[in-house]
Novice: 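Please see the structure below; I have some questions.
By convention here, the first residue in the shown sequence is residue 1. Values below: every heavy atom of this structure, side chains too, minus hydrogens, waters and symmetry copies.
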Amino acid sequence: MHHIRSLCVVVPVHKAVPSPAEAASLAACRNQLVDYPVYLVYPERLSPQAYLDVHPGLKLQPVPATWLASVHAYNQMKMDVTFYQLFTSYEFLMTYELDAWIFSADIEGHHGFTYDFIGAPIFEGFMEATPHAGFLPQLNSGFSIRRIPSCLKALDQLRRYRSRWKRQRFFLEKFRFLRRWVSPALLQVIFDDQLTGYFTGWYFHEDMIWTHIVPVLFPFFKVAPPEVAARFSFEVNAPMLLQRQQGVLPLGCHAWAKFPAFWQSYIPAAKMLL
C-alpha cells in the first residue's frame, strides 16, 4: 500500500496542443497519480483546453510566457526561487515532462520521498551511452522528485556563494599553486561549465546543477546514488538497467519516445512511433 505524502506534480508545457505521444504520457499521469494534485504549468495566454481534454483534473498554473520561451528559459525557471514559491504548501515536487511515463503509484516504495532529488541515472556518453558506460554523478530531471524546502535553502546559499565563487576562480586561475589546498571535487565544481553558465547567464542544465554542483557545495542536499535512482526511473540504457533489476520496472521513465522499440513491450503508446 503506498503512502500519501505532501507532493505536487508539475507538468510543464509550452505549446497549445500535445502530440499523440505526449497526450498518452499525460493520460498515464492521470491514471496513476490520482492521489496527488497535478499542476499544468503553461505560458500565460496559452489555452490549456487540449490538456484538460486528456486530464480534466489538472490544476492550472499559468506562468510568465518568458519562463517557457526556450530550453534555456526553462532551465532558468527550475533554478528560480519564484518558481518554487508557487508550491511551498507541499514538501515534494515531481517534474513530469510529457516525454515521461509512470508505471506505478508507489512513490514511497521507489525511494521517491527518501532524498532531496531523485531522477533517472545519467551515463558517460549521455544519450549516446553504450551498455557498458559508467554512471556520471548526475541525474535527469525530466521525471524526478525534489524536496522543495531543500531546494529553497540551496538556492539561497547559491545566491550568497556567487561572490565567493568569483574570488575563488580569480585566485585559482592567477595562482595555480593554490589548487593543491582545494579538494578535487570542489576544484572541479568551481571551474564547471554548468556553474559558470548559471552564475554568468549562459546556458546550463538545471538537473546538473541540482545533482552534481549543489551536493558538493552544500552537503546537506542529498541526491540519490545512481543504483538507487535506477529503481525510480530509467532514461538511457533501459534494457541493461531492467536486466540489473531482474526485470522489475522502475516507478517511471523519461524519453521513452526516443526508444520505442524497447518500450513497446511496456508502453502500448510506443507502438505508434515505430
Side-chain angles (χ1 to χ4, degrees), residues 2-10 36 75 77-81 83-97 100 102 104-124 134-162 164-165 182-190 192 194-195 198-199 204-236 241 244-245 250-254:
H2 66 277
H3 300 285
I4 307 302
R5 297 287 291 271
S6 178
L7 172 138
C8 62
V9 181
V10 167
Y36 300 98
N75 279 288
M77 180 186 80
K78 298 294 282 293
M79 293 295 298
D80 192 325
V81 169
F83 170 73
Y84 293 94
Q85 287 173 338
L86 296 172
F87 305 104
T88 50
S89 58
Y90 305 96
E91 182 180 3
F92 293 93
L93 183 152
M94 173 187 283
T95 297
Y96 190 99
E97 295 175 1
I102 186 165
S104 166
D106 186 11
I107 298 173
E108 182 96 23
H110 291 84
H111 306 283
F113 301 126
T114 308
Y115 300 92
D116 294 312
F117 193 109
I118 189 168
I122 296 176
F123 292 85
E124 295 173 353
F135 289 120
L136 289 172
Q138 301 151 4
L139 301 177
N140 179 270
S141 74
F143 176 73
S144 63
I145 292 178
R146 63 197 76 194
R147 193 188 306 265
I148 295 171
S150 298
C151 290
L152 287 169
K153 181 180 177 180
L155 287 172
D156 178 61
Q157 294 195 12
L158 266 176
R159 177 185 57 80
R160 291 187 278 119
Y161 173 67
R162 186 175 184 271
R164 182 181 174 189
W165 169 80
V182 181
S183 72
L186 179 57
L187 190 64
Q188 183 185 22
V189 161
I190 290 170
D192 191 279
Q194 301 295 325
L195 186 62
Y198 172 65
F199 279 146
F204 62 88
H205 293 88
E206 55 94 12
D207 47 11
M208 294 188 183
I209 300 288
W210 283 119
T211 62
H212 178 52
I213 304 297
V214 167
V216 173
L217 294 176
F218 314 121
F220 75 84
F221 195 87
K222 303 301 182 185
V223 174
E227 296 81 5
V228 176
R231 300 173 202 166
F232 177 83
S233 180
F234 297 169
E235 185 187 51
V236 179
L241 290 172
R244 280 192 185 186
Q245 296 185 179
L251 180 73
C253 66
H254 181 245

Novice: Mind running salt bridge (charged side-chain N to carboxylate O under 4.0 Å, His left out) on Arg146 and Glu206 for me, showing each step along the way?
Specialist: CA-CA 12 Å; Arg146 63 197 76 194; Glu206 55 94 12; 3.1 Å; yes
Novice: Under the side chain to side chain contact (heavy atoms under 4.5 Å, CB included) rule, what do Thr88 and Leu152 come out as? Steps first, then yes or no, please.
Specialist: CA-CA 9 Å; Thr88 50; Leu152 287 169; 3.8 Å; yes
Novice: A side-chain contact here means heavy atoms from C-beta on lying under 4.5 Å apart; do Ile148 and Tyr90 qualify?
Specialist: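 Heavy-atom side-chain distance check passes, below 4.5 Å.
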Novice: Do Val223 and Asp116 have side chains that approach each other closer than 4.5 Å (heavy atoms only, starting at C-beta)?
Specialist: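 Contact flag for Val223/Asp116 side chains = no.
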Novice: Using the ring centroid of each side chain, check whether Phe117 and Phe221 are separated by less than 6.0 Å.
Specialist: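 Judged by ring-centre distance (under 6.0 Å), Phe117 and Phe221 do not meet the cut-off.
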Novice: Hey, what do you get for CD1 (Ile145) to CE (Met94), rounding to the nearest 0.5 Å?
Specialist: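 If I round to the nearest 0.5 Å, the distance is 4.0 Å.
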Novice: Measuring from Ile107:CD1 to Leu251:CG, what's the distance to the nearest 0.5 Å?
Specialist: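 Interatomic distance, Ile107 CD1 to Leu251 CG, rounded to 0.5 Å: 6.0 Å.
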Novice: Using side-chain heavy atoms (C-beta onward) and a distance below 4.5 Å, is Leu7 in contact with Phe113?
Specialist: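 Leu7 vs Phe113: side chains touch.
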Novice: I'd like to know whether CZ of Arg164 has more than 12 heavy-atom contacts from other residues, nucleotides or ligands below 6.0 angstrom.
Specialist: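 Open: at most 12 neighbouring heavy atoms sit under 6.0 Å from CZ of Arg164.
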Novice: With Phe232, which residues qualify under ring pair (Phe, Tyr, Trp, His ring centres under 6.0 Å), at least two apart?
Specialist: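 For Phe232 the ring pair (Phe, Tyr, Trp, His ring centres under 6.0 Å) partners, ignoring immediate neighbours, are Phe143.
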Novice: Can you see which heavy atom on Glu235 is nearest to which on Asn140, and at what distance?
Specialist: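 For Glu235 versus Asn140, the nearest heavy atoms are OE2-ND2, 3.3 Å.
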Novice: Leu195 and side chain to side chain contact (heavy atoms under 4.5 Å, CB included): which partner among Ile213, Val214, Val216, Ile190?
Specialist: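 Checked Ile213, Val214, Val216, Ile190 against Leu195; only one passes side chain to side chain contact (heavy atoms under 4.5 Å, CB included): Ile213.
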Novice: Kindly compute the distance separating NE2 (His212) from CG (Asp207), expressed to the nearest 0.5 Å.
Specialist: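 Here the interatomic distance stands at 12.0 Å.
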Novice: If every non-hydrogen atom of Arg162 is compared with every non-hydrogen atom of Phe199, which pair is closest and at what distance?
Specialist: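 Shortest heavy-atom contact: NH2-O, 2.9 Å.
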Novice: Show your working on side chain to side chain contact (heavy atoms under 4.5 Å, CB included) between Gln245 and Phe234 and close with a plain yes or no.
Specialist: CA-CA 11 Å; Gln245 296 185 179; Phe234 297 169; 3.8 Å; yes
Novice: Not counting sequence neighbours, list each pair that qualifies as a side-chain hydrogen bond (donor to acceptor under 3.5 Å, both in side chains) and has a residue in residues 216-234.
Specialist: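 Output for this query lists His111-Arg231.
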Novice: Hey, are the side chains of Pro215 and Trp210 touching, using non-hydrogen atoms and a 4.5 Å cut-off?
Specialist: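 No. Closest side-chain heavy atoms not under 4.5 Å.
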Novice: Given side chain to side chain contact (heavy atoms under 4.5 Å, CB included), test Leu155 with Tyr84 step by step and report yes or no.
Specialist: CA-CA 10 Å; Leu155 287 172; Tyr84 293 94; 3.8 Å; yes
Novice: Only counting residues at least two apart or in another chain, list the ones meeting ring pair (Phe, Tyr, Trp, His ring centres under 6.0 Å) with Tyr115.
Specialist: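 Here no residue qualifies.
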Novice: State, yes or no, whether a side-chain contact exists between Leu241 and Phe123 at a heavy-atom distance under 4.5 Å.
Specialist: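 Yes; the side chains approach each other to less than 4.5 Å.
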Novice: Please report the interatomic distance CG(Asn75) to CD1(Ile209), rounded to the nearest 0.5 Å.
Specialist: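 The CD1 atom of Ile209 is 9.0 Å from CG of Asn75, to the nearest 0.5 Å.
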Novice: Looking at every non-hydrogen atom in both residues, tell me the closest pair between Phe83 and Phe87 and how far apart they are.
Specialist: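 Here Phe83 and Phe87 meet closest at O-CD1, 3.5 Å.
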Novice: Does a side-chain heavy-atom distance below 4.5 Å link Leu139 with Ile122?
Specialist: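 Counting from C-beta outward, Leu139 and Ile122 never come under 4.5 Å.
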Novice: Please report the shortest heavy-atom distance between Gly142 and Ala100, naming the atom on each side.
Specialist: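 Closest heavy-atom pair between Gly142 and Ala100: O-CB, 4.3 Å.
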Novice: Is there a side chain to side chain contact (heavy atoms under 4.5 Å, CB included) between Phe218 and Leu158 once you walk through the steps?
Specialist: CA-CA 9 Å; Phe218 314 121; Leu158 266 176; 3.8 Å; yes
Novice: Grab the two heavy atoms, one from Ser144 and one from Gly119, that are nearest each other, plus how far apart they are.
Specialist: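 Residues Ser144 and Gly119, closest heavy atoms: CB-CA, 4.1 Å.
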Novice: If you round to the nearest 0.5 Å, how far is CD1 of Ile102 from SG of Cys253?
Specialist: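 The SG atom of Cys253 sits 10.0 Å away from the CD1 atom of Ile102.
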Novice: Just wondering, do Phe220 and Gln157 contact through their side chains at under 4.5 Å, heavy atoms?
Specialist: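 Yes, at least one pair of side-chain atoms sits under 4.5 Å.
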Novice: Under 4.5 Å between any side-chain heavy atoms of Ser104 and His110, yes or no?
Specialist: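 Result yes, sub-4.5 Å side-chain heavy-atom pair found.
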Novice: For the residue pair Ile118 and Val228, what are the closest heavy atoms and their distance?
Specialist: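 Shortest heavy-atom contact: CD1-O, 4.4 Å.
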Novice: So that I can tick it off, tell me whether Asp156 and Lys153 are bridged by a salt bridge, with the cut-off set at under 4.0 angstrom between side-chain N and carboxylate O.
Specialist: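 The answer is no: the pair does not qualify as a salt bridge.
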Novice: How long is the straight-line distance from CG of Asp192 back to CD of Gln188, given to the nearest 0.5 Å?
Specialist: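 Interatomic distance, Gln188 CD to Asp192 CG, rounded to 0.5 Å: 6.5 Å.
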